[in-house]
Every structure is written in structure tokens, then in C-alpha cells.
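Here the structure comes first, spelled out in C-alpha cells, and everything after it is commentary.
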Amino acid sequence: MNRLTRLQNGAALERSEIPVLHDDHFLEEILSSLDHGWRVVSYFALPERDGLALYCVLSLKAEATLGVLHTRLSDGAFTSLVPYAPQLHLYEREMAEQYGVLFEGHPWMKPVRFAPPLATLPGFCPTGPGKIGIMDFYRVEGSEVHEVAVGPVHAGIIEPGHFRFQCLGEEVMHLEISLGYQHRGVEKLVLGGPYPVTLRQMETVAGDTTVGHGLAYAMCLEALAGTRVPARAHDLRGIGAELERLANHTGDLGAIAGDVGYLPTASYCGRIRGDFLNLTAEICGSRFGRGLVTPGGVNFDLDAVLVEKLRRRLMVARDELSNAVDLLWETPSVLARLEGTGVVSKETARELGLVGPAARASGLNRDIRRDHPYGIYSMTQIPVVTARAGDVYARTLVRWLEIQRSIDFVEEQLRQLPGGGLANPVGNLGADRLAVALTEGWRGEICHVALTDGRGRFERYKICDPSFHNWPGLAMALRGGQISDFPLNNKSFNLSYCGFDL
């Protein structure tokens, strides 16, 4: 355990402080750490002069600390840890796709994003990706087994993704999800930066999580430059983040109601979601929070008149939303559709590394705002809510309980906004440093890792959206269920395609 180089959330360290471990020691340390309560929050590769380096970032909730490991590959092969730590399977597949690393013993190696040439990172494996969506899918053999393919083009105006079901009658034996249809190469775009446009690119990693990703990026820059953020800016960032959570959780409650054909709650929540979005627009002029967060602080302030206006509208939204959601809990036919549908056990959620409401609905008590507090959450904590059933009902309930606590938090911050400035200047980034920033987006844990070169420019910038962790959870929720339950399960996770595709 002493091989881990430790740091706090939103902090930076010299890359020279991270010792280069032999590959055997690197693997042993990861497995030992996982056995002692750590979990992986980022795992990625970086081309260096003498080969390919692997970095692994882990989190230990019990001590609110992060750890970093580093090794170098002597050749293009490395031992897969997936048989012992399933949560690493996407990370290893990603590195195999990006750099041609052969992970020996990986149970099911296939593409993650089908990266087009313009979006590939430096050091990309020479073979290049295959045609998008063309890969080997898992097949269940049998005379009564049939296959159902959905997407990537869908009936609604949504993002593209391909779902392939192996079914016995109506029962789903296996669901395989293939994404990567809109890979934009965000991690390549920021290399050599930061640039003036980089913040805007970070805000659109997942467009409905503008504040979550924008804040993680700002935290990385502030750590690398040694910038302190004013107290008032921390409060305003927290307000923006919780309004983002409120809007999306409310929209999800309405969409879940709509998927079971319960239109009263669906209609009310659709409208109230717009009310929360409009509150964000009152602050910064953008319903999605674009431009609110800036490295060093925030761009917008609240005067007394606007504070009072926001408080009054929050009170109205709370009452109206309570009435709308109470209709769900009071309708037996709705509960019959939610309870027992799409169950993900606590053990499965832990093995897959699920995060956010999806994890908490399966009984995993994890939330970055408490486990690795940052900004305003270092001073004011939001109670973490969990459920046990791991079904659609639990994922719905967790959202509703989080809505109530987020409203309480925003009202409290509006009552006690500190004085002071909005932002401090961010100077040049430190050279040859590594920074890690975790935030709790409304879908769950967001992780940004920035590594600078000798000039203080980005040599590698690694992003993990919560959807990267949670898409496998959706596949497991369908196993053994009815194929007709797929839309409801899909909406109960409501994952981002573009956040995964990057």
C-alpha cells in the first residue's frame, strides 16, 4: 500500500513524485488496494519517449484521499486485471483501442468508440479502428433464441447507440451495448492547451452536465496554477451544480412516469424541469449553465433582488413538484411497474464500479460531495441517500430524495451568501505536474486528470463521465427481464451517449 502516491481531490503534484513501478508491482498494488477498500476512478495510457506509460488513479472513501500509480510497458503486452476486477474492463478496452496494448487474459476485447482518424490521440495503434459498429457480438445459441437489434438510429430525437438483445421468448438473456457513433475526440482537442476554447469544449463533454464538467476542468487548472477560489464563488458554483441536478432529476422523474403511461406526473415534471432550467438562466443567461464557471471562480453574481426572486421560485417549485411526485407513490399501477423491474444487486454494482444515483439505488453509499469534498461541499454537506432494491423504483426514489436535499442546500446557500470577489486570476500552469479533480455530477462521479509537460501545457487530459461506469449497469439490469421493460430501464439510468463517446 505504500507504493501509492497520495493527493487530495482538486490538488496537484510533481510527476516526479510518482515512482515508476515494475509492471508486476503495479498490478499487485492495484489488486491489493482494491482489496483494502480503494476503487479505480481513472486508468489511462500516455505515450512517452521510451514507450507507453500507464497511470491508475484510485479513491479511498474512508480517508477522503486519492492515490496514483505509474508504470511503463516494456512491450505492447500487459496482464489484464479484468478477471479479478471487472470495473476495469472498459479502461483496458479503451487503451487497447487507443494504443494497441494487448491485455493478456481480457475476457472480451472489442472497440469502445471506433475512433475516426481525426479524433485519434498521438501514439494511436497503427492498425486503426474498424468500421463503426462492426464487431463481434456475444451470441446465445439455441433453436428458440432470437436476436433483436435496436438503433443506432432511434424513433425519438435522441443520440445514437446500438443495443443488441439475445432473447428467449420475451426474456432477455443478454444485452450488448455498442456506442461510439459520435466520438468527437475531446481529449485530443485539448492537447497542448489549455486554449481559450477549452472551457467551452469541457462544458459540452455532456451538454446536460455543463456545470459538473466545467467545474472539474476549472479545478484542474486551479490546482496546476496554485489559484485560490473566493468563498462567494464556491457558493455560486454549488448553487449552479445543484440547480443542474434539480433540472435533470426532475426531468427523469417525468420521463419515468411517461414510460409507464402515467401522464399527470410526466406533464407536471416536464414543465417544472423548465422552471429549474430557467432559474439557472436567471443567474448566467444560459439554461444549461454555460459560462457560469470560469477557472478561478465564476463569471456571474447575485444581487439581493435576484436572491429573493430565486428563493420564492424555489419554494413554488418544491410545492408543485411534491404534488406531482406524490401522485406516483399513490398510484398502485405505477408502483407495480417500477418495483422489481431492472434489478442490479449491490454486489454487481460494486463489481462494475457503478456511480451516482444508479449506485446509491443498489445500496452503495458513495457520493463525491461527501467522500472527497470540494468547494462549498467542504463546508456544507448534503446528506447522502441510498436505497436497497436496486430496481427502477429505487432509482426513482433516490432521485426524488436527492431533489429534496438539493433544494434545501440551494435555499441555505441563498440565505448565507458570503461577501468577497467572484474570481481570482489563474496564472501559468505548473510544468511536469499531475492534477486530479472529482465532482459529483447529477449522473454521478466525474473525474478529470490533467498532466502537463515541461512547458506547462497539457500532455494528456483524461476524462471519465459517470456514463462510462454506468452503461454496463444498464446491460445487467435487463438480464433476466422482459425486453418490453428496456425503455423504462433505459430511462431509469438515463445515461449520456456523448459523455461516453467523448
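Basis for what follows: all heavy atoms, side chains included, without hydrogens, waters or symmetry-related copies. Remember, it's a predicted structure, so these values are computed and weren't measured experimentally.
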Task: Results of side chain to side chain donor-acceptor pair (under 3.5 Å) for Arg366 - residues two or more places apart only - done: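 Per chain and number, Arg366 pairs via side chain to side chain donor-acceptor pair (under 3.5 Å) with no residue.
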
- [ ] Identify, with sequence neighbours excluded, every residue that meets side chain to side chain donor-acceptor pair (under 3.5 Å) alongside Glu63.
- [x]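 Checked Glu63 against side chain to side chain donor-acceptor pair (under 3.5 Å); matches are Arg6.
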
Open item on the list: Apply side-chain contact (heavy atoms from CB on, under 4.5 Å) to residues Lys61 and Arg370 and explain how you reach the verdict.
Closed with: CA-CA 9 Å; Lys61 179 178 77 170; Arg370 180 205 58 198; 3.7 Å; yes

Has the side chain of [X] got a donor or acceptor atom that lies under 3.5 Å from a matching backbone atom of [Y]?
| X | Y | answer |
| --- | --- | --- |
| Thr439 | Ala216 | no |
| Trp442 | Ala247 | no |
| Arg460 | Pro47 | no |
| Arg443 | Asn494 | yes |
| Glu282 | Leu310 | no |
| His89 | His106 | no |
| Thr71 | Leu21 | yes |
| Glu97 | Val112 | yes |
| Arg93 | Pro111 | yes |
| Arg273 | Asn248 | no |

Output side-chain donor-acceptor pairs under 3.5 Å for residues 428-438, partner residues at least two apart or in another chain, one line each.
{"residue": "Asp432", "atom": "OD1", "partner": "Gly454", "partner atom": "N", "Å": "3.4"}
{"residue": "Arg433", "atom": "NH1", "partner": "Glu14", "partner atom": "OE2", "Å": "2.7"}
{"residue": "Arg433", "atom": "NH2", "partner": "Ala12", "partner atom": "O", "Å": "3.4"}

Contact summary for [X] and [Y], nearest pair of heavy atoms:
| X | Y | value |
| --- | --- | --- |
| Leu69 | Ile18 | C-CG2, 4.3 Å |
| Val398 | Val385 | O-CG2, 4.0 Å |
| Gly421 | Pro230 | O-CB, 3.2 Å |
| Asn9 | His372 | ND2-O, 2.9 Å |
| Asp367 | Val384 | CB-CG2, 3.6 Å |
| Val293 | Val211 | CG2-CG1, 4.2 Å |

Supply the atom-to-atom distance [X] [atom1] to [Y] [atom2], rounded to the nearest 0.5 angstrom.
| X | Y | atom1 | atom2 | result |
| --- | --- | --- | --- | --- |
| Ser362 | Met476 | OG | CE | 11.0 Å |
| Leu189 | Leu502 | CG | CG | 11.0 Å |
| Glu440 | Arg245 | CD | CZ | 6.0 Å |
| Thr210 | Met202 | OG1 | CE | 13.0 Å |
| Glu445 | Asp465 | CD | CG | 10.5 Å |
| Ile239 | Glu412 | CD1 | CD | 10.5 Å |

Open item on the list: Under 3.5 Å, is there a donor on one side chain and an acceptor on the other for Arg360 and Asn365?
Closed with: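 Asn365 and Arg360 do not have a side-chain donor-acceptor pair below 3.5 Å.
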
Open item on the list: Evaluate Thr348 against Leu354 for side-chain contact (heavy atoms from CB on, under 4.5 Å), listing each step before the verdict.
Closed with: CA-CA 9 Å; Thr348 298; Leu354 300 192; over 6 Å; no

Task: Passing option when Tyr43 is tested against Leu58, Val57, Leu54 for side-chain contact (heavy atoms from CB on, under 4.5 Å) - done: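 When Leu58, Val57, Leu54 are each tested with Tyr43, the side-chain contact (heavy atoms from CB on, under 4.5 Å) holds only for Leu54.
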
Please examine the side chains of [Y] and [X], heavy atoms only from C-beta on, and report whether any two atoms are closer than 4.5 Å.
| X | Y | answer |
| --- | --- | --- |
| Arg237 | Ile376 | no |
| Glu29 | Trp38 | no |
| Asp23 | Leu73 | no |
| Thr227 | Pro295 | no |

Task: Contacts of Phe137 that satisfy ring pair (Phe, Tyr, Trp, His ring centres under 6.0 Å) - sequence neighbours left out - done: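 Applying ring pair (Phe, Tyr, Trp, His ring centres under 6.0 Å) to Phe137 gives His162.
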
- [ ] Applying ring pair (Phe, Tyr, Trp, His ring centres under 6.0 Å), name anything that partners Tyr181, two or more places apart in sequence or on another chain.
- [x]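 Residues passing ring pair (Phe, Tyr, Trp, His ring centres under 6.0 Å) with Tyr181: none at all.
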
Open item on the list: Go through it in stages, so that I can follow the logic: the residues are Gln8 and Thr65, the test is side-chain contact (heavy atoms from CB on, under 4.5 Å), and I'd like the CA-CA distance, side-chain angles, deciding distance and then a yes or no.
Closed with: CA-CA 5 Å; Gln8 298 299 307; Thr65 190; 3.6 Å; yes

Run the salt-bridge test on [X] and [Y] with the 4.0 Å N-O cut-off and return the result as yes or no.
| X | Y | result |
| --- | --- | --- |
| Arg395 | Asp252 | no |
| Glu48 | Arg15 | yes |
| Glu94 | Arg113 | yes |
| Arg200 | Glu203 | yes |
| Arg399 | Glu402 | no |
| Arg228 | Glu222 | no |

Mind checking side-chain contact (heavy atoms from CB on, under 4.5 Å) for [X] and listing every partner two or more places apart, or none if nothing turns up?
| X | result |
| --- | --- |
| Ala85 | Leu34, Leu88 |
| Thr280 | Leu243, Cys284 |
| Asn299 | Thr294 |
| Asn490 | Trp471, Leu474, Phe486, Tyr497 |

Only pairs at least two apart or in different chains count here, so list each ring pair (Phe, Tyr, Trp, His ring centres under 6.0 Å) that has a residue in [range].
| range | result |
| --- | --- |
| residues 208-243 | His213-His448 |
| residues 411-439 | none |
| residues 277-301 | none |

Open item on the list: In terms of relative ring orientation, are Tyr55 and His70 parallel, tilted or perpendicular, with 30° and 60° separating the classes?
Closed with: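 Correct class here is parallel.
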
Open item on the list: Determine whether the aromatic ring centres of residues Tyr377 and Phe409 are separated by less than 6.0 angstrom.
Closed with: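 So the answer is yes for these two rings.
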
Open item on the list: I'd like to know whether Asp371 forms a side-chain contact (heavy atoms from CB on, under 4.5 Å) with Ser59, so could you lay out the CA-CA distance, the side-chain angles of the two residues, the decisive distance to 0.1 Å, and finally the verdict.
Closed with: CA-CA 9 Å; Asp371 301 341; Ser59 152; 5.9 Å; no

Task: Tyr195, OH atom: more than 12 neighbouring heavy atoms under 6.0 Å - done: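 It does: Tyr195 OH has more than 12 such atoms within range.
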
